[in-house]
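The structure under discussion appears below in the form of C-alpha cells.
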Amino acid sequence: MSKLKADISIIYSGIFSQWDSQSDDLPRFLEATVHVPAVIDTEFGFIARIKKAKNQVLTYCIYHPDIPDDNGHVRPPFDGEVFIKENDWRFYLGDCIWAPVSNKLGNWRMTLELNGKIVADKTFKIYLPE
C-alpha cells in the first residue's frame with residue numbers, strides 16, 4: 001500500500017446528464033445543487049477526484065428514503081466497491097429518479113469510504129416540483 005496520503009475531493013455535485021454505467025465516460029455536469037426536483041430520469045450525484053490512492057478499494061453507499069421494493073419491504077442502501085484505477089482518478093456516484101416519484105422524496109445521502117474512513121459525503125434533498 002502506498003505511503004502517500006490519499007487526496008479526495010468532490011469536484012462537481014448536483015444534476016447531471018443521463019449516465020451510462022457501461023461506459024467509461026462520466027455524465028456531463030449540468031447544475032450545481034443539493035435540491036433536486038422529483039422528475040423521472042433526473043440524474044443527480046457527485047464526481048469525486050481521487051489522488052494518490054491507486055490500487056486501493058473505494059466503498060460507495062447511497063442511503064435513500066424508505067423506498068419500498070415490489071413486496072413492500074424497505075430497500076437497503078445501495079452499496080458496493082470499486083478498484084481505484086489511476087493516481088488521479090474521477091469517480092461518479094449518483095442515482096436517478098424513477099416512477100413513482102412520490103416515494104423518492106426526502107434526503108438521499110451518498111458517501112465514499114477509503115480504508116474504513118468516510119472521505120466524501122453529500123446529501124441531496126429530493127422534492128416535488130410545483
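All residue numbers in this chain count up from 1 along the given sequence.
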Within the side chain of [X], is there an N or O that forms a donor-acceptor pair under 3.5 Å with the backbone of [Y]?
X      : Y      : result
Asp20  : Gln22  : yes
Thr123 : Arg109 : no
Lys117 : Glu113 : no

Tyr92 and Phe16: ring-ring contact (aromatic ring centres under 6.0 Å, His included), yes or no, with the steps? CA-CA 10 Å; Tyr92 173 70; Phe16 290 82; 5.1 Å; yes
Mind checking the [atom1]-[atom2] spacing from [X] to [Y]? Nearest 0.5 Å is all I need.
X     : Y      : atom1 : atom2 : result
Leu93 : Lys122 : CG    : NZ    : 12.5 Å
Gln56 : Ile50  : CD    : CD1   : 10.0 Å
Asp7  : Lys52  : CG    : NZ    : 5.5 Å
Lys51 : Glu86  : NZ    : CD    : 13.0 Å
Ser17 : Glu43  : OG    : CD    : 7.5 Å

Using the rule that Ile, Leu, Val, Met, Phe, Trp and Tyr join whenever any side-chain heavy atoms are under 4.5 Å apart, tell me whether Leu58 and Ile47 fall into a single cluster. no
Above 12 or not: heavy atoms from other molecules or residues under 6.0 Å from OH of Tyr60? yes
Could you check whether atom CZ of Arg28 has more than 12 heavy atoms from other residues, nucleotides or ligands sitting under 6.0 Å from it? no
Go through the side-chain N and O atoms of Gln18 and Asp41 and say whether any donor and acceptor fall under 3.5 Å apart. no
What's the shortest heavy-atom distance between Phe124 and Ser13, and which atoms? CZ-CB, 4.2 Å
Do you know which two heavy atoms are closest between Pro68 and Asn103, and how far apart they sit? CD-ND2, 3.4 Å
Audit row: Trp108, Tyr63, ring-ring contact (aromatic ring centres under 6.0 Å, His included) steps and yes/no: CA-CA 6 Å; Trp108 293 58; Tyr63 304 88; over 10 Å; no
Can you check whether Val82 reaches Trp89 side chain to side chain, under 4.5 Å on heavy atoms? yes
Is there a side-chain contact between Lys125 and Val34 (heavy atoms, below 4.5 Å)? no
